[in-house]
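Encoded as structure tokens, the structure appears first; notes follow it.
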There are 2 protein chains.
Amino acid sequence: MPRGKAAVSDVYSAMRASILEGDLAPGARINIDAVARSLGVSQTPVREVLQRLEGDNLVVYNPGRGYSTTPLLDLPELRSLFEFRLLVEPWAARAAAVDRLANPAPALKKELEAFRDVMESSGDLRQDLVAHDTRFHDTILAASGNPVVRHAFAQTHCHLHTFRLYPADVDGAITVAEHTAVREAIEACDPEQAEAAMTTHIRNSFDRFAKAFEGELAPLEDSGPPRKRIIT
Amino acid sequence: MPRGKAAVSDVYSAMRASILEGDLAPGARINIDAVARSLGVSQTPVREVLQRLEGDNLVVYNPGRGYSTTPLLDLPELRSLFEFRLLVEPWAARAAAVDRLANPAPALKKELEAFRDVMESSGDLRQDLVAHDTRFHDTILAASGNPVVRHAFAQTHCHLHTFRLYPADVDGAITVAEHTAVREAIEACDPEQAEAAMTTHIRNSFDRFAKAFEGELAPLEDSGPPRKRIIT
DNA sequence: TTAACCAGATTCCTATACGATTTCGCTGAG
DNA sequence: CTCAGCGAAATCGTATAGGAATCTGGTTAA
């Protein structure tokens with residue numbers, strides 16, 4: 001069945017999904033030939049995709065020994081990731097809480113309502129929850145009006161990494177509640193409240209994920225002296 | 001002269017340098033075959049490198065029409081880039097200003113002294129200045145202790161992008177003075193001052209680059225109400 | 001003059017081939 | 001039983017080949 005076109009795009013999606021889904025275990029070696037045959041393409045596009053995935057921090061390259069999937073995040077890496085989110089996302093929520101057409105509240109509302117419907121029907125929530133979370137946060141980043149920040153955030157692939165840590169039983173209701181708080185503050189064009197709600201959401205989110213490391217956990221330290229606002 | 005090994009690494013460096021140096025003009029199409037022949041390799045490693053460069057935002061891909069180098073930054077993009085730097089780097093400078101072995105002041109001092117020597121001997125300063133600037137800022141990012149933030153910053157390739165905007169005559173002395181202020185605050189373990197000095201440096205840096213867009217320039221707005229400090 | 005169209009050539013994109021390096025399993029000595 | 005050494009198999013990394021799409025220049029019709 002010859003696919004006339006667009007191999008590398010498909011291969012990228014497929015490998016990304018394989019890593020996310022766990023078909024390629026964290027830290028496992030990647031056999032290029034095996035992947036190529038299983039996807040019905042040659043090794044060339046697979047190699048190109050691996051280069052890109054390495055840039056995405058989803059695979060690591062050992063010269064002469066090929067590629068492996070990146071190991072699961074350990075606790076320090078998880079903290080680093082959420083520290084970065086605390087730098088970027090509250091700022092974005094603040095920036096998005098403006099009385100303009102760029103205000104993302106309508107889109108966020110649609111996203112939340114759609115996900116509420118999914119919650120009632122779906123069995124395995126993980127996939128849907130991550131998809132919703134990804135869209136929700138990206139919508140706010142996009143509305144911040146700063147494509148560099150948005151891209152930098154997207155490049156962390158934080159949802160993909162954290163998805164691998166998810167326990168099987170996820171409570172989507174908590175996430176929806178916190179998202180709703182963020183959405184309402186943005187809708188009300190209240191920058192302070194939007195920033196605060198996003199901060200709370202990310203802190204809570206970190207705590208939930210950190211439960212995976214039960215015992216060795218030290219919470220993110222609370223705010224120290226206030227920091228001057230830098231931009232806009 | 002056949003290199004037995006490590007082609008993609010060399011090709012990556014070479015193409016990166018070509019874009020930086022301007023041998024590949026901004027926005028120009030990239031002829032894969034021509035690049036391959038000029039570097040004495042086949043098209044395969046060149047293709048892999050292009051995938052990575054696209055992830056780095058240094059080339060763009062049009063399906064069916066090949067790759068082009070990314071156009072020069074326009075003013076809004078430059079503003080976005082420096083807004084991102086204002087989010088990340090003052091935070092990193094603050095985090096690095098701690099009384100620990102991780103304090104990067106000694107390394108920064110060496111870097112500054114080495115560059116002062118270069119300034120006296122070198123003719124074309126641009127290349128050296130960008131190299132120094134890259135190392136200086138990365139050293140601070142590394143000392144922040146957050147590899148995610150460091151990587152996100154590195155992925156913006158801000159020095160590479162801004163280098164393409166540099167005028168031929170650069171005054172390294174101003175940069176050195178501002179860097180020295182940052183270094184001294186970090187050495188003194190004064191987080192407030194380190195954050196402030198870095199903020200000043202980035203603002204001034206933006207103003208210098210923005211001169212390239214003379215006339216259409218609106219300065220980065222000054223700080224509004226203070227913003228609560230989020231982490232550490 | 002302008003716009004549309006159509007061959008020729010170029011370029012992209014995937015597939016296949018092949019040497020170089022690494023990994024694995026076996027043998028045999030300590 | 002453990003471990004060093006060696007040969008075969010597997011895998012990586014680059015080169016080459018060929019089909020498919022796109023670009024170029026020239027011609028014709030409105």
Side-chain angles (χ1 to χ4, degrees), chain A residues 1-19 21-71, chain B residues 1-19 21-71:
Chain A
M1 177 229 297
R3 303 290 309 281
K5 272 277 308 265
V8 331
S9 185
D10 295 340
V11 171
Y12 181 75
S13 308
M15 294 195 69
R16 206 164 175 285
S18 289
I19 295 173
E21 193 71 23
D23 300 347
L24 294 173
R29 291 275 300 270
I30 295 178
N31 187 320
I32 295 177
D33 185 58
V35 171
R37 274 185 289 106
S38 84
L39 295 177
V41 298
S42 78
Q43 299 183 13
T44 309
V46 174
R47 284 197 134 274
E48 291 183 24
V49 165
L50 284 170
Q51 281 285 337
R52 164 168 298 245
L53 289 172
E54 195 194 2
D56 292 347
N57 268 323
L58 298 180
V59 306
V60 292
Y61 174 61
N62 301 63
R65 314 204 317 182
Y67 295 86
S68 313
T69 57
T70 52
Chain B
M1 177 230 296
R3 302 288 308 280
K5 269 280 306 269
V8 331
S9 185
D10 295 339
V11 172
Y12 181 75
S13 308
M15 294 195 70
R16 206 166 175 283
S18 289
I19 296 173
E21 194 70 24
D23 300 346
L24 293 174
R29 291 275 298 270
I30 296 177
N31 187 320
I32 296 177
D33 186 58
V35 172
R37 274 185 290 105
S38 85
L39 295 176
V41 298
S42 78
Q43 299 183 13
T44 309
V46 174
R47 284 199 136 273
E48 291 183 23
V49 165
L50 283 170
Q51 281 285 335
R52 164 167 300 245
L53 289 172
E54 195 195 2
D56 291 347
N57 268 322
L58 298 179
V59 305
V60 292
Y61 174 62
N62 302 63
R65 316 204 316 181
Y67 295 86
S68 314
T69 57
T70 52

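Not measured: the values here are computed from a predicted model. Below, read A as the first sequence line, B as the second, and so on, with proteins coming before strands; counting in each chain starts at 1.
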Close approaches to DNA chain C from residues 43-53 of chain B, in residue order (heavy atom, under 4.0 Å): B/Q43, B/R47

A/R37 CZ - C/dT14 C1' separation (whole Å): 17 Å

Of the listed nucleotides D/dA15, D/dG13, C/dT23, the one nearest the side chain of A/Y61: D/dG13

Atom pair distance, as rounded to whole Å: CG in A/L39 and P in C/dT14: 13 Å

Acceptor/donor pairs from residues 38-46 of chain A side chains to any protein atom, 3.5 angstrom cut, sequence neighbours excluded:
residue : atom : partner : partner atom : Å
A/S38   : OG   : A/V35   : O            : 3.0
A/S42   : OG   : A/T44   : N            : 3.4
A/Q43   : NE2  : A/D33   : OD1          : 3.1

Qualifying ring pair (Phe, Tyr, Trp, His ring centres under 6.0 Å) pairs, either residue in residues 24-62 of chain A, two or more places apart: A/Y61-A/Y67

Side chains of B/L58 and B/M15 in contact at under 4.5 Å (non-hydrogen atoms): no

C/dC13 phosphate, OP1 or OP2, under 4.0 Å from B/Y67 side-chain N/O: no

Under the salt bridge (Lys or Arg N to Asp or Glu O under 4.0 Å) test, residues paired with A/R52 that sit two or more places apart: B/E54

Whole angstrom value for the distance that separates P of D/dT14 from CD1 of B/I32: 16 Å

Whole angstrom value for the distance that separates C1' of D/dA21 from CG of B/N62: 14 Å

Qualifying salt bridge (Lys or Arg N to Asp or Glu O under 4.0 Å) pairs, either residue in residues 57-67 of chain B, two or more places apart: none

B/N31 side chain near C/dC12 phosphate (N/O to OP1/OP2, under 4.0 Å): yes

Interatomic distance where CG belongs to A/D33 and P belongs to C/dA17 [whole Å]: 13 Å

Rounded interatomic separation in angstrom, taking CD from A/E54 and P from D/dG13: 11 Å

Selected nucleotide, minimal atom distance to A/R29 side chain, candidates D/dT16, C/dT23, C/dC12: C/dT23

OP1 or OP2 of D/dT11 under 4.0 Å from side-chain N/O of A/R65: no

Inter-residue atom distance A/Q51.CD - B/E48.CD, 0.5 Å rounding: 5.0 Å

Sequence-distant partners of B/P71, side-chain contact (heavy atoms from CB on, under 4.5 Å), two or more places apart: none

